[in-house]
Amino acid sequence: MGDQMSKNKPRLVFRVELIGNDLIYVIARHEKGALSVAIQHGFEPDRSPSAKPRLVDGLFAERAINRKNPDQEAA
């Protein structure tokens, strides 16, 4: 049982800066996860140290690129 991956849902919201200074919001467990989600959705995150993902208020979750619709939450 201890070898299973964590089943915790990502709940933190991160602001990810893209190349070209555009911003997107991502729901993830940590900064590295936020970058992975952005890349999986076809975005190119800025990899410079000053542009690392930043934790933002949970209110931005509704703007997140990986937000689930309420009918998907039940699954």
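Because the structure is predicted, anything quoted here is derived from the model rather than measured.
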*Give me the one residue out of Leu12, Leu23, Val13 that meets side chain to side chain contact (heavy atoms under 4.5 Å, CB included) with Val56.*
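The single option meeting the side chain to side chain contact (heavy atoms under 4.5 Å, CB included) with Val56 is Val13.
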
How many angstroms lie between [atom1] in [X] and [atom2] in [Y], if you round to the nearest 0.5 Å?
X	Y	atom1	atom2	result
Arg15	Leu55	CZ	CG	10.5 Å
Asp57	Tyr25	CG	OH	10.5 Å
Glu44	Ile39	CD	CD1	9.0 Å
Lys9	Arg29	NZ	CZ	11.0 Å

*Between the side chain of Arg67 and the main-chain N/O of Glu62, is any donor-acceptor distance below 3.5 Å?*
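Yes: the side chain of Arg67 pairs with the backbone of Glu62.
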
*Is there a donor-acceptor pair closer than 3.5 Å between any side-chain N or O of Asn66 and the backbone N or O of Val26?*
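Here the side-chain-to-backbone pair does not exist.
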
*Would you find more than 12 non-hydrogen atoms of other residues, nucleotides or ligands less than 6.0 Å from Arg63 atom CZ?*
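For Arg63, atom CZ is not crowded (no more than 12 foreign heavy atoms under 6.0 Å).
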
Which pair of non-hydrogen atoms, one from [X] and one from [Y], has the smallest distance, and what is that distance?
X	Y	value
Val16	Pro45	CG1-CB, 4.0 Å
Gly33	Ala28	C-CB, 3.9 Å
Ile27	Pro10	CG2-O, 3.4 Å

*Evaluate the criterion side chain to side chain contact (heavy atoms under 4.5 Å, CB included) for residue pair Leu35 and Arg47; output intermediate values, then yes/no.*
CA-CA 9 Å; Leu35 287 174; Arg47 300 285 190 151; 4.2 Å; yes

*Name all residues meeting the ring-ring contact (aromatic ring centres under 6.0 Å, His included) criterion together with Phe43; count only those two or more places apart in sequence or in a different chain, and write none if there are none.*
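Here no residue qualifies.
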
